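Worth saying up front: this structure is predicted, and the values here are computed from it rather than measured.
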Amino acid sequence: MSEPTFTTLVSRWYEENARDLPWRGADVSPWAILVSEVMLQQTPVVRVLPAWEAWLARWPEPATLAADSPAEAIRMWGRLGYPRRAVRLRDCALAIVERHGGRVPDRLDQLLALPGVGTYTARAVAAFAYGQRHPVVDTNVRRVVCRAIAGEPDAGPATRPTDLVATEELLPVEPAAAALASAAFMELGAVLCVARSPRCGACPVESICAWRASGREAPAGPTRRPQRYAGTDRQVRGLLLGVLREATGPVPHQRLDQVWADDIQRSRALSGLVRDGLVEPVGESSFRLIGDGPPVPVR
DNA sequence: CATTCGTGGAC
DNA sequence: TGTCCAAGAAT
């Protein structure tokens with residue numbers, strides 16, 4: 001017999017050490033898994049946990065969400081961030097009802113065609129909800145494979161086709177084992193092989209990690225990112241939406257004017273919210289969350 | 001390929 | 001009110 005492979009070691013570690021996350025349960029529906037995946041897009045697990053429970057208690061299946069207003073979806077989204085995801089998730093529920101009879105599709109191409117579902121989420125649902133054999137590459141998997149297999153510090157910010165190929169080569173042939181391995185890769189990246197201070201001492205593949213062998217080389221050049229938040233349109237949008245979320249129905253613009261002093265930037269942010277389908281004008285001088293009441297008469 | 005899009009917690 | 005980052009998607 002040969003030595004245990006990378007995949008075997010990580011899978012074994014996962015079976016012993018996986019966090020007890022509710023969407024990993026045996027009786028969790030594809031819809032519930034899809035909701036978890038969308039919420040987890042750029043939002044930490046600890047903040048998703050309560051939101052996921054509340055969301056599914058209210059909308060246990062796609063049709064129930066599709067029948068409710070986008071405004072309510074935005075409110076239930078709370079402060080998970082990137083509220084467009086809430087509207088897209090409702091659009092997704094509508095599409096599931098209209099195209100797939102209310103059942104989350106199991107084909108990759110059909111999943112990819114759903115609003116708010118991209119390369120990662122489509123594959124995650126196909127693998128975790130339906131047990132199919134697909135490489136599931138998120139930021140964690142990309143980092144783990146890049147380090148342990150390629151021996152490089154880190155990959156770029158975006159998932160590339162080569163990342164899918166490299167990960168696919170690591171998957172067991174048997175679909176269920178492949179899905180478990182994907183979850184294991186993600187877990188390793190989320191818990192041990194983290195971006196800043198990886199805990200290599202506790203890692204199940206420390207002895208065969210290419211990055212470890214090369215001395216844990218640091219990432220190259222200063223990959224600067226416009227990560228700042230204070231003073232950006234994003235912050236202003238968040239403030240505006242916060243007011244609209246707390247209100248019921250239309251809000252006079254005078255109240256919105258109070259959240260930010262700069263007229264130019266505030267107007268731009270508000271226009272952006274309208275353009276993005278999160279907010280709609282009501283009458284001459286009021287705004288509300290999209291669909292938060294009877295349709296606005298058009299003239 | 002580069003940008004935009006929230007939010008809050010750990011350093 | 002500094003920096004980094006957390007299961008991405010859409011454009």
- Message: Please report the distance separating the P of dT3(B) from the corresponding atom of dA7(C), rounded so that it comes out in whole Å.
- Response: 23 Å

- Item | Presence of Thr119(A) side-chain N/O under 4.0 Å of dG8(C) phosphate oxygens OP1/OP2 | no

- Residue mapping more 5' on DNA chain C - nearest nucleotide basis, Gly118(A) or Ala230(A): Ala230(A)

- Message: What is the separation between atom CZ on Arg275(A) and atom P on dT11(C), rounded to the nearest whole Å?
- Response: 12 Å

- Message: Taking salt bridge (charged side-chain N to carboxylate O under 4.0 Å, His left out) as the criterion, tell me which of Arg75(A), Arg90(A), Arg58(A) meets it with Asp68(A).
- Response: Arg58(A)

- Message: Taking any heavy-atom pair under 4.0 Å as a contact, classify Ala195(A): base, sugar-phosphate, or nothing.
- Response: sugar-phosphate

- Task: Send over the distance from Tyr14(A) OH to dA7(C) C1', rounded to a whole Å.
- Result: 12 Å

- Decide salt bridge (charged side-chain N to carboxylate O under 4.0 Å, His left out) for Arg160(A) and Asp163(A); before the verdict, give the C-alpha distance in whole Å, the side-chain angles of both, and the deciding distance to 0.1 Å. CA-CA 5 Å; Arg160(A) 306 166 172 290; Asp163(A) 296 323; 5.3 Å; no

- Counting side-chain heavy atoms from CB outward, which of dG8(C), dG6(B), dA7(C) is closest to Pro83(A)? dG6(B)

- Message: Please tell me if Arg47(A) has a side-chain N or O lying less than 4.0 Å from either OP1 or OP2 of dG9(B).
- Response: no

- Task: With heavy atoms under 4.0 Å as the rule, sort Leu21(A) into base, sugar-phosphate or nothing.
- Result: base

- Integer-rounded Å distance: dT7(B) P and Leu241(A) CG: 7 Å

- Contact class for Arg19(A) vs. all strands (heavy atom < 4.0 Å): base, sugar-phosphate, or nothing? base

- Message: Please determine whether a side-chain nitrogen or oxygen atom of Arg79(A) lies at a distance below 4.0 Å from atom OP1 or OP2 of dG8(B).
- Response: yes

- Residue-phosphate contact under 4.0 Å: Tyr120(A) side-chain N/O, dA9(C) OP1/OP2: no

- Task: Classify the nucleic acid contact of Arg24(A) as base, sugar-phosphate or nothing, counting any heavy atom under 4.0 Å across all strands shown.
- Result: base

- Task: Take Arg85(A) and Arg196(A), find for each the nucleotide of DNA chain B with the closest heavy atom, and name the residue whose nucleotide sits nearer the 5' end.
- Result: Arg85(A)

- Atom-pair distance (CG on Leu80(A); C1' on dA9(C)), nearest Å: 16 Å

- Message: Considering every strand and a 4.0 Å limit on heavy-atom distances, what is the contact class for Gly81(A): base, sugar-phosphate, or nothing?
- Response: base

- Query: Is the Phe6(A) ring parallel, tilted or perpendicular to the Phe185(A) ring (thresholds 30°, 60°)?
  - Reply: tilted

- Query: For Thr121(A), which contact category applies under a 4.0 Å heavy-atom criterion: base, sugar-phosphate, or nothing?
  - Reply: sugar-phosphate

- Message: On the side chain of Thr43(A), is there an atom forming a donor-acceptor pair with the base of dG6(B) - under 3.5 Å, no angle test?
- Response: yes

- What is the nucleic acid contact for Arg245(A), judged by heavy atoms within less than 4.0 Å: base, sugar-phosphate only, or nothing? sugar-phosphate

- Derivation and outcome, side-chain contact (heavy atoms from CB on, under 4.5 Å), residues Thr7(A) and Leu171(A): CA-CA 7 Å; Thr7(A) 299; Leu171(A) 296 182; 6.0 Å; no

- Query: Can you tell me if the side-chain N/O atoms of Gln42(A) get under 4.0 Å from OP1 or OP2 in dG8(C)?
  - Reply: yes

- Message: Under 4.0 Å, counting only non-hydrogen atoms across every strand here, what does Val117(A) touch: a base, just sugar-phosphate, or nothing?
- Response: sugar-phosphate

- Message: Using the rule given for side-chain contact (heavy atoms from CB on, under 4.5 Å), can you reason through Gln42(A) versus Tyr82(A), listing the C-alpha separation, both sets of side-chain angles and the distance that settles it, and then say yes or no?
- Response: CA-CA 9 Å; Gln42(A) 303 287 281; Tyr82(A) 295 148; 3.8 Å; yes

- Just how far, in rounded Å, is P of dT3(B) from CG of Asp233(A)? 16 Å

- DNA chain C nearest-nucleotide lookup for Leu40(A) and Leu112(A): closer to the 5′ end is Leu40(A)

- Message: Can you measure Met186(A) atom CE to dA6(C) atom P for me and round it to whole angstrom units?
- Response: 12 Å

- Please tell me which of the listed nucleotides, dT7(B), dA7(C), dG8(C), lies nearest to the side chain of Glu37(A)? dA7(C)

- Query: For the residue pair Trp55(A) and Trp77(A), is the inter-centroid distance of their aromatic rings smaller than 6.0 Å?
  - Reply: yes

- How far, in whole Å, is dG8(B) from dT1(C) if one measures between their C1' atoms? 13 Å

- Message: Under 4.0 Å, heavy atoms only, any strand: does Trp77(A) hit a base, just the sugar-phosphate, or nothing?
- Response: nothing

- Query: Between Arg237(A) (CZ) and dT4(B) (P), how many Å, whole number?
  - Reply: 12 Å

- Task: Would you tell me whether Thr5(A) and Thr8(A) have side-chain atoms, one donor and one acceptor, within less than 3.5 Å of each other?
- Result: yes

- Message: Just the rounded figure in Å: distance from P of dA10(C) to CG of Leu89(A).
- Response: 12 Å

